Amino acid sequence: MNEAAIPVIAIDGPTASGKGTVAQRVAQTLGFHYLDSGALYRIVGLACLRSHVDFSDMAAVTAHAIAIAPRFVCGRVLLGDEDISKEIRTEEVGTAASLAAQIPSVRDALFELQRRERKQPGLVADGRDMGSVIFPDACLKVFLTASVETRARRRYKQLIEKGIDVKLDTLVSEMAERDRRDMQRMHAPLVPAEGAKILDSSCLTIQETVVKILHWYDQVSLGGAD
């Protein structure tokens, strides 16, 4: 089948905007495949941290990006036989992922890896450049955002529930810095894709956000307007 005929919902946005949880629920509701593009960059970040790679050494970071061969099985992320699902979600790895994502050759190395996830009956992809770079022909593009304070509180709650000690004010400053890096990078910056619907979830629950996106998809699939 023509690849362009396979529907893609691209959900982009800054860290802790809720896009991962939202995208998974949308995919589950529609029976679509799900792509967590951020996990790929986190795997690269983790690999570099383990190898003590200097993130200013673009060739070394890119070599790690080319070498990764992750497997996503039943909600788990496997690298070889090792389950790294929890380890890649730490703040340290998140920061490393953001640094790796600034390198154009790293993004190029992961491009086809992401494109191959477009399979029938459809795909919901979340990340930072799903609608602008990876799937520019997505039938629905959503830019999901929230205030940095709201996102920091959400992440704080997640980390505390996992038993990870963290300070809220530290999270706020770290998120603001990561937003700055992601939005100002030269290659594939974090910006709403052309034609994307902007959705601020600061005052919405996860389910309300999911319902809104499903409504937009219904309109698109039926050829309706806003």
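Given the structure is predicted, the values throughout are model-derived calculations rather than measurements. Numbers here are sequence positions counted from 1.
With sequence neighbours excluded, the residues satisfying side chain to side chain donor-acceptor pair (under 3.5 Å) with Asp179 are Arg151. For Glu92, the salt bridge (charged side-chain N to carboxylate O under 4.0 Å, His left out) test picks out no residue, with sequence neighbours left out. With sequence neighbours left out, the salt bridge (charged side-chain N to carboxylate O under 4.0 Å, His left out) criterion links Asp126 to no other residue. With sequence neighbours excluded, the residues satisfying salt bridge (charged side-chain N to carboxylate O under 4.0 Å, His left out) with Arg115 are Glu3. For Glu91, the side chain to side chain donor-acceptor pair (under 3.5 Å) partners two or more places apart in sequence, or in a different chain, are Arg155. For the side chain to side chain donor-acceptor pair (under 3.5 Å) test, no residue two or more places apart in sequence or in another chain qualifies with His33. The side chain to side chain donor-acceptor pair (under 3.5 Å) search around Arg178 returns none, not counting sequence neighbours.
The CG atom of Asp169 sits 12.0 Å away from atom CD of Glu149, with the distance rounded to the nearest 0.5 Å. The CZ atom of Arg180 lies 13.0 Å from the CG atom of Leu190; values are rounded to the nearest 0.5 Å. Taking CG of Leu214 as the reference point, atom NZ of Lys212 lies at 11.5 Å (rounded to 0.5 Å). In this structure, OH on Tyr34 lies 11.5 Å from CD on Glu117, to the nearest 0.5 angstrom. Considering OG of Ser98 and CD of Glu174, their distance stands at 11.0 Å, rounded to 0.5 Å. From Leu159, atom CG reaches atom OG1 of Thr90 across 9.0 Å, with rounding to the nearest 0.5 Å.
Residues Phe135 and Leu123 have side chains in contact (heavy-atom distance under 4.5 Å, counting atoms from C-beta outward). Under the 4.5 Å side-chain criterion, counting only non-hydrogen atoms from C-beta, Arg153 is not in contact with Lys157. Within the 4.5 Å cutoff, side-chain heavy atoms of Leu30 are placed close to those of Ile9. Using a 4.5 Å cut-off on side-chain heavy atoms (C-beta onward), Pro14 and Asp182 make no contact. In this structure the side chain of Asp129 reaches within 4.5 angstrom of the side chain of Arg107, judged on heavy atoms. Side-chain contact between Val124 and Val22: absent, with no pair of heavy atoms (C-beta onward) separated by less than 4.5 Å.
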Please test Glu112 against Arg116 for side chain to side chain contact (heavy atoms under 4.5 Å, CB included), starting from the C-alpha separation and ending with a verdict.
CA-CA 6 Å; Glu112 285 302 327; Arg116 287 199 295 269; 4.0 Å; yes
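For the pair Ala193 and Gly131, the tightest heavy-atom approach, listed with the atom from each and the gap, is CB-C, 3.4 Å. Taking both residues in full, the closest heavy atoms of Arg154 and Gly18 are given as NH1-N, 4.5 Å, listed atom of the first, atom of the second, then distance. When all heavy atoms of Ala146 and Ser201 are compared, the pair lying nearest together is CB-OG, 3.9 Å. Scanning both residues, Ser37 and Gly127, for their nearest heavy atoms gives OG-CA, 3.2 Å. Heavy-atom minimum distance, Gly13 versus Arg128: O-CG, 3.6 Å.
A donor-acceptor pair under 3.5 Å is absent between the side-chain atoms of Ser51 and the main chain of Cys48, judged by distance alone.
When the options Ile198, Asp200, Leu199 are evaluated for a side chain to side chain contact (heavy atoms under 4.5 Å, CB included) with Phe143, the one that passes is Ile198.
Side-chain contacts under 4.5 Å among hydrophobic residues (ILVMFWY), followed directly or transitively, place Val73 together with Leu78. In the hydrophobic clustering, where aliphatic and aromatic side chains (Ile, Leu, Val, Met, Phe, Trp, Tyr) are joined below 4.5 Å either directly or transitively, Leu99 groups with Leu40, Tyr41, Ile43, Val44, Leu46, Leu49, Val53, Phe55, Met58, Val61, Ile68, Phe72, Val77, Leu79, Ile84, Ile88, Val93, Ile103, Val106, Leu110, Leu113.
The list of salt bridge (Lys or Arg N to Asp or Glu O under 4.0 Å) pairs with a residue in residues 131-147, not counting sequence neighbours, reads Arg118-Asp137. The salt bridge (Lys or Arg N to Asp or Glu O under 4.0 Å) pairs that include a residue from residues 29-51 are Asp36-Arg89, Arg50-Glu82, Arg50-Glu87, where partners are two or more places apart or lie in different chains. Counting only residues at least two apart or in different chains, side chain to side chain donor-acceptor pair (under 3.5 Å) contacts with residues 9-29 are absent.
Cluster membership check: Ile134 does not share its hydrophobic cluster with Val191, using side-chain heavy-atom separations under 4.5 Å among Ile, Leu, Val, Met, Phe, Trp and Tyr. Hydrophobic clustering, with ILVMFWY side chains joined whenever heavy atoms are under 4.5 angstrom apart, keeps Val148 apart from Tyr156. One hydrophobic cluster holds both Ile160 and Leu171 under the rule that ILVMFWY side chains link at heavy-atom gaps under 4.5 Å. Cluster membership for Val8 and Ile213, using ILVMFWY side-chain heavy atoms within less than 4.5 angstrom, is not shared. No path of Ile, Leu, Val, Met, Phe, Trp and Tyr side chains, each step under 4.5 Å between heavy atoms, connects Met183 with Val133, placing them in separate hydrophobic clusters.
The 12-atom threshold is not exceeded at CD of Glu194, counting heavy atoms of other residues, nucleotides or ligands nearer than 6.0 Å.
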